[in-house]
Colleague: 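Here you go, one structure.
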There are 2 protein chains.
Amino acid sequence: MTDMNPTNQQILHYARHFLQCRGYNGFSYKDISQKLGIKNASIHHYYPKKEDLVAALLEEGRKNFATSIAQIVESGGSAREQLQYYFNRALQEFDEGKCICPPGSVIIGFEELPEEVKNQNLLLLDHILDWITNVLRTGLEKGEFNFSDPVEAHAEEVVETLMGARLLSSIKGRKTLVRAISSIKSGLGWKD
Amino acid sequence: MTDMNPTNQQILHYARHFLQCRGYNGFSYKDISQKLGIKNASIHHYYPKKEDLVAALLEEGRKNFATSIAQIVESGGSAREQLQYYFNRALQEFDEGKCICPPGSVIIGFEELPEEVKNQNLLLLDHILDWITNVLRTGLEKGEFNFSDPVEAHAEEVVETLMGARLLSSIKGRKTLVRAISSIKSGLGWKD
DNA sequence: CAGAACCTACTTATATGCAGGTAGACATGT
DNA sequence: ACATGTCTACCTGCATATAAGTAGGTTCTG
């Protein structure tokens with residue numbers, strides 16, 4: 001985990017890409033090794049089993065997310081700025097060809113997935129939901145947002161709308177995602 | 001297609017189930033044949049290739065959907081009643097353990113899927129979008145709904161919110177889906 | 001030289017699909 | 001009536017590809 005040489009980073013990079021494009025069952029070590037010009041066994045060297053790879057991926061995503069947010073908060077980012085970061089990430093990943101967010105891609109076929117993958121995905125998902133809940137609460141108190149339903153429910157709404165929008169936009173194009181983000185904002189009473 | 005003996009129906013039944021729970025790459029003929037107590041080869045008898053099975057599934061879904069809607073319209077169903085049928089279907093499928101709608105489950109890994117599957121999924125998706133667009137337009141004209149953004153955009157919103165909600169609710173539970181449906185309704189200016 | 005990085009070569013399991021066979025239903029013609 | 005042929009549904013058995021993972025060797029590097 002703390003061992004982050006270039007190859008390991010590249011493995012995680014492409015694994016993330018394939019996971020978000022194709023889901024857990026839609027890619028293999030071969031897809032990754034071919035991209036890197038190495039052999040399957042080399043990936044097994046870093047991640048003995050596929051579930052180790054994907055679990056590590058999700059865990060890293062969670063920590064990475066936490067770090068990014070911490071930076072924004074530290075530099076005095078408002079609730080809107082924090083949320084905008086999340087939206088920008090979605091747009092950026094769309095532009096990179098990733099059709100769905102990591103937690104979303106690991107919901108398909110959830111029951112049949114290895115235990116550790118499921119656990120890490122639940123952690124990631126709850127992390128995001130908790131964070132959005134907090135941002136919404138803060139933003140509401142500070143008058144940056146304006147909505148009437150419970151904060152927790154609205155946080156779920158934000159996440160699920162974005163998930164669905166990413167799925168649909170991978171077929172319908174970028175403007176579908178952009179429009180969904182606008183719609184989320186207006187649901188928050190956020191006009192810019 | 002028109003050949004609908006019991007075995008064929010069962011094959012489609014379980015194929016639909018697995019597709020909606022696990023996605024295209026998440027199930028095999030074996031999963032289905034085991035459920036039916038028959039052999040893989042028997043499924044190949046009806047559907048020589050997996051892509052034939054899934055394409056047939058999507059096509060059947062589209063026709064089935066068209067028929068159901070036609071019945072409602074024929075019996076004088078209002079725009080709200082038509083849309084409610086769609087919501088009920090989502091809830092019903094949730095209760096059957098299906099985590100995502102058929103078109104959604106065939107978006108994951110879309111690029112790598114067989115051509116005919118992609119085509120049928122686009123047809124199904126556009127069918128649904130066109131239908132919802134029409135229902136929203138009619139409902140708007142008749143004062144059953146009230147919203148200000150373009151009808152086409154709002155139709156996409158409805159679909160994507162429901163897609164995302166179904167994904168998330170498969171982890172977070174039924175109330176997440178129920179709440180999403182309420183939220184969609186209130187976005188349509190539909191208070192009941 | 002110790003360990004990390006990467007390799008070859010293998011095993012095992014599973015998915016997909018084809019070839020061809022059998023058993024029973026049904027149909028027909030004489 | 002019955003012998004014949006044909007069709008459907010399902011089967012056994014096989015071929016091929018790929019995935020996932022193991023064992024153990026090599027090479028490079030501090």
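It should be emphasised that the depicted structure is a prediction, and the values quoted were computed from it without experimental measurement. By convention in this document, chain letters (A, B, ...) are assigned in the order of the sequence lines, proteins followed by strands, and residues within each chain are numbered from 1.
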Colleague: Indicate whether OP1 or OP2 belonging to dA5(C) is found under 4.0 Å from a side-chain N or O atom of T7(A).
Modeller: no

Colleague: Nearest 0.5 Å, what's the NE2-OG1 distance between H154(B) and T161(B)?
Modeller: 8.0 Å

Colleague: Report, one pair per line, the protein and nucleotides 26-30 of chain D atoms (nitrogen or oxygen only) whose separation is under 3.5 Å.
Modeller:
none

Colleague: Charged N to carboxylate O below 4.0 Å: is that the case for R137(A) and E141(A)?
Modeller: no

Colleague: Can you give me the N/O atom pairs linking the protein to nucleotides 22-24 of chain C at distances under 3.5 Å, or say none if there are none?
Modeller:
none

Colleague: Scan nucleotides 18-25 of chain D against the protein and return all N/O pairs shorter than 3.5 Å with their distances rounded to 0.1 Å.
Modeller:
from: dA19(D); atom 1: OP1; to: S28(A); atom 2: OG; distance (Å): 3.3
from: dA20(D); atom 1: OP1; to: K50(A); atom 2: NZ; distance (Å): 3.1
from: dG21(D); atom 1: OP2; to: K50(A); atom 2: N; distance (Å): 3.0
from: dG21(D); atom 1: N7; to: H44(A); atom 2: NE2; distance (Å): 3.4

Colleague: For Q9(B), is the CD atom crowded, meaning more than 12 foreign heavy atoms sit under 6.0 Å from it?
Modeller: yes

Colleague: Do K172(A) and L129(B) touch side chain to side chain, with heavy atoms closer than 4.5 Å?
Modeller: yes

Colleague: For E60(B), which residues count as a salt bridge (charged side-chain N to carboxylate O under 4.0 Å, His left out) partner, sequence neighbours excluded?
Modeller: R16(B)

Colleague: Just say parallel, tilted or perpendicular for the rings of F27(A) and Y24(A), cut-offs at 30° and 60°.
Modeller: perpendicular

Colleague: Are any of S42(B)'s side-chain N or O atoms less than 4.0 Å away from OP1 or OP2 of dA9(D)?
Modeller: no

Colleague: Once you round it to whole Å, what is the distance between P of dT8(D) and CD1 of I38(B)?
Modeller: 17 Å

Colleague: Could you pull out every donor-acceptor pair under 3.5 Å between side chains of residues 104-114 of chain B and any protein atom, sequence neighbours left out?
Modeller:
from: S105(B); atom 1: OG; to: P102(B); atom 2: O; distance (Å): 2.8
from: E112(B); atom 1: OE2; to: R22(A); atom 2: NE; distance (Å): 3.4

Colleague: Can you check the L36(B) CG to dA9(D) P distance for me, whole Å?
Modeller: 14 Å

Colleague: Going by side-chain contact (heavy atoms from CB on, under 4.5 Å), name the residues that satisfy it together with K35(B), two or more places apart in sequence or in a different chain.
Modeller: Y14(B), F18(B)

Colleague: Measure the acute angle between the ring planes of F65(B) and H127(B), then classify it against the limits of 30° and 60° as parallel, tilted or perpendicular.
Modeller: perpendicular

Colleague: When you check the phosphate oxygens OP1 and OP2 of dC10(D), does a side-chain N or O of Y46(B) lie under 4.0 Å from one of them?
Modeller: yes

Colleague: Within the pair N5(B) and dT8(D), is there a side-chain N or O less than 4.0 Å away from OP1 or OP2?
Modeller: no

Colleague: Considering only heavy atoms from C-beta outward, does the side chain of E156(A) approach that of E152(A) to under 4.5 Å?
Modeller: no

Colleague: State whether a side-chain donor-acceptor pair under 3.5 Å links D52(A) with Y46(A).
Modeller: no

Colleague: Quick check for you: among dA5(C), dC11(D), dC7(C), whose closest atom lies nearest to any side-chain atom of K39(A)?
Modeller: dC7(C)

Colleague: Can you check whether H45(B) has a side-chain N or O nearer than 4.0 Å to OP1 or OP2 of dA9(D)?
Modeller: yes

